[in-house]
Amino acid sequence: MAAPLELSCWGGGWGLPSVHSESLVVMAYAKFSGAPLKVNVIDNTWRGSRGDVPVLATEDNIVSQPAKILNFLRKQKYNADYELSAKQGADTLAYIALLEEKLLPAVLHTFWVESDNYFTVTKPWFASRMPFPLSLILPGRMSKGALNRILLTRGEPPLYHLREVEAQIYRDAKECLNLLSNRLGTSQFFFGDTPCTLDAYVFGFLAPLYKVRFPKVQLQEHLKQLSNLCRFCDDILNSYFRLSLGVDG
């Protein structure tokens, strides 16, 4: 296509091309589908206001949110799912819904709400990529936004005690990881020998959890016991991102 595709996203560390799950989902899908993205990594010259990345820009469009970006890429004929059957397509949607309901809250909690992780890893890393005074304001705003997203997934009736909320979040996430591990089994990808949308989402959600070094690691420890999911992340990093990996964060 004539119009260049430019993706603005958070950058990498700890052997990852991005430490941000939703940026990773889009970056992985672009690799899988052959979409020729120019990746613009956010740094301390950034002039954004809310941290709502990834954002895909063309000459005529600005698209945010992973699902909308992936749909846009498919319309441009960059489709990682063209070999899937109707049932596999339906399974993809079901598993993505499961990931967003059961796993994403724990990923957000690990990065943005668990105080030891937030103050020693997440806040310093993101603040270092933002210009002053945004670096003083935006990490806290992103933390509050993450907590709001977590609470939205809890539904009714509310869990009134924070510890109760945390316990349920991590129970759900561990159950989701077990389901993913069982579904993947000994396969290279979730639907055979080539990666698709579901692989991009699983990789995007799991890889930061797997690689970023946190002081509080309860979900990370559970993930590292599921060797096929760790191998899945390592294989995608080695096969698709080896040349673009940055230094540790």
Side-chain angles (χ1 to χ4, degrees), residues 14-33 65-67 70 80-81 83-112 114 117 146 149-150 152-155 166-214 216-241:
W14 297 278
L16 298 171
S18 175
V19 304
H20 181 241
S21 283
E22 293 181 329
S23 296
L24 264 187
V25 169
V26 176
M27 294 170 79
Y29 183 86
K31 293 284 189 181
F32 300 163
S33 64
Q65 300 175 16
L70 268 54
D81 296 349
E83 292 185 352
L84 296 188
S85 67
K87 181 184 186 304
Q88 289 171 330
D91 286 350
T92 295
L93 295 176
Y95 272 100
I96 291 172
L98 180 74
L99 286 165
E100 292 182 334
E101 181 184 350
K102 301 294 188 183
L103 185 58
L104 182 58
V107 174
L108 292 171
H109 191 280
T110 297
F111 271 81
W112 293 102
E114 168 54 61
N117 293 347
R149 284 183 72 175
I150 290 168
L152 277 174
T153 67
R154 294 301 92 197
E166 289 177 11
Q168 185 63 52
I169 286 169
Y170 284 102
R171 276 197 300 271
D172 286 351
K174 289 174 182 177
E175 182 181 312
C176 183
L177 290 175
N178 292 341
L179 285 170
L180 290 172
S181 179
N182 290 335
R183 176 65 183 80
L184 181 63
T186 58
S187 299
Q188 184 176 8
F189 301 111
F190 279 89
F191 295 113
D193 297 330
T194 55
C196 59
T197 297
L198 179 58
D199 299 283
Y201 271 89
V202 174
F203 173 74
F205 287 9
L206 292 192
L209 202 58
Y210 173 39
K211 293 291 188 180
V212 176
R213 290 189 284 274
F214 289 116
K216 291 287 182 70
V217 295
Q218 62 162 313
L219 193 57
Q220 191 175 68
E221 288 176 342
H222 187 79
L223 173 57
K224 287 184 175 180
Q225 293 170 12
L226 302 171
S227 59
N228 63 337
L229 294 181
C230 297
R231 185 264 310 154
F232 168 85
C233 292
D234 286 330
D235 284 353
I236 289 176
L237 287 168
N238 290 330
S239 297
Y240 293 93
F241 293 102

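Treat the numbers as computed from the prediction; the structure is a model and nothing was measured. Numbering starts at 1 and runs along the sequence shown.
Using a distance-only test at 3.5 Å, with no hydrogens or angles considered, no donor-acceptor pair links the side chain of D81 to the main chain of G89. E22 places no side-chain N or O within 3.5 Å of a backbone atom of F205 that could act as its donor or acceptor partner. No donor-acceptor pair under 3.5 Å is formed between the side chain of Y210 and the backbone N or O of K224. No donor-acceptor pair under 3.5 Å is formed between the side chain of S181 and the backbone N or O of L177. No donor-acceptor pair closer than 3.5 Å links the side chain of N228 to the backbone N or O of T186.
F214 meets the ring-ring contact (aromatic ring centres under 6.0 Å, His included) test with F111; sequence neighbours excluded. Take F232 and apply the ring-ring contact (aromatic ring centres under 6.0 Å, His included) test, not counting sequence neighbours, and it matches F190. F32 meets the ring-ring contact (aromatic ring centres under 6.0 Å, His included) test with Y240; sequence neighbours excluded.
One finds the CG atom of L98 at 12.5 Å from the CZ atom of R183 (value rounded to the nearest 0.5 Å). Atom CZ of F191 sits about 11.0 Å away from atom CG of L184, to the nearest 0.5 Å. Distance check: L103 CG to Y201 OH gives 13.0 Å after rounding to the nearest 0.5 Å. Between atom NZ of residue K174 and atom CD of residue E221 there is a gap of 8.5 Å, rounded to the nearest 0.5 Å. The CH2 atom of W112 sits 12.0 Å away from the CG atom of N117 when rounded to the nearest 0.5 Å. Going from atom CD of E83 over to atom CD of Q88 covers 9.5 Å, rounded to the nearest 0.5 Å.
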### Task
Walk me through it: do K211 and D234 pass the test side-chain contact (heavy atoms from CB on, under 4.5 Å)?
CA-CA 10 Å; K211 293 291 188 180; D234 286 330; 3.1 Å; yes
### Task
Let me see the working for D199 and K31 under salt bridge (charged side-chain N to carboxylate O under 4.0 Å, His left out), right down to the final yes or no.
CA-CA 11 Å; D199 299 283; K31 293 284 189 181; over 6 Å; no
### Task
Please test L99 against L198 for side-chain contact (heavy atoms from CB on, under 4.5 Å), starting from the C-alpha separation and ending with a verdict.
CA-CA 10 Å; L99 286 165; L198 179 58; 4.1 Å; yes
### side-chain contact (heavy atoms from CB on, under 4.5 Å) assessment of C176 paired with L180
CA-CA 6 Å; C176 183; L180 290 172; 4.3 Å; yes
### Working for side-chain contact (heavy atoms from CB on, under 4.5 Å), residues T110 and K216
CA-CA 8 Å; T110 297; K216 291 287 182 70; over 6 Å; no
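Ionic pairing of R149 and E101 is not present here: no N-O contact between side-chain nitrogen and carboxylate oxygen is shorter than 4.0 angstrom.
In terms of heavy atoms, P105 sits closest to I169 at C-CG2, 3.9 Å. Residues G204 and S21 share a closest heavy-atom pair of O-OG, 2.9 Å. Taking each heavy atom of T92 and L84 in turn, the nearest pair found is OG1-CD1, 3.8 Å. What you find for F241 and P17 is that their closest heavy atoms are CD2-CG, 3.6 Å. In terms of heavy atoms, S33 sits closest to A80 at CB-N, 3.9 Å. When all heavy atoms of P66 and V25 are compared, the closest pair comes out as CB-CG1, 4.2 Å.
The environment of CG in D193 is sparse: at most 12 heavy-atom neighbours from other residues, nucleotides or ligands sit within 6.0 Å.
One side chain, Y170 or H109, offers a donor N or O that lies under 3.5 Å from an acceptor on the other.
At a threshold of 4.5 Å between non-hydrogen side-chain atoms, the residues M27 and S18 count as touching. At a threshold of 4.5 Å between non-hydrogen side-chain atoms, the residues Q188 and T194 do not count as touching.
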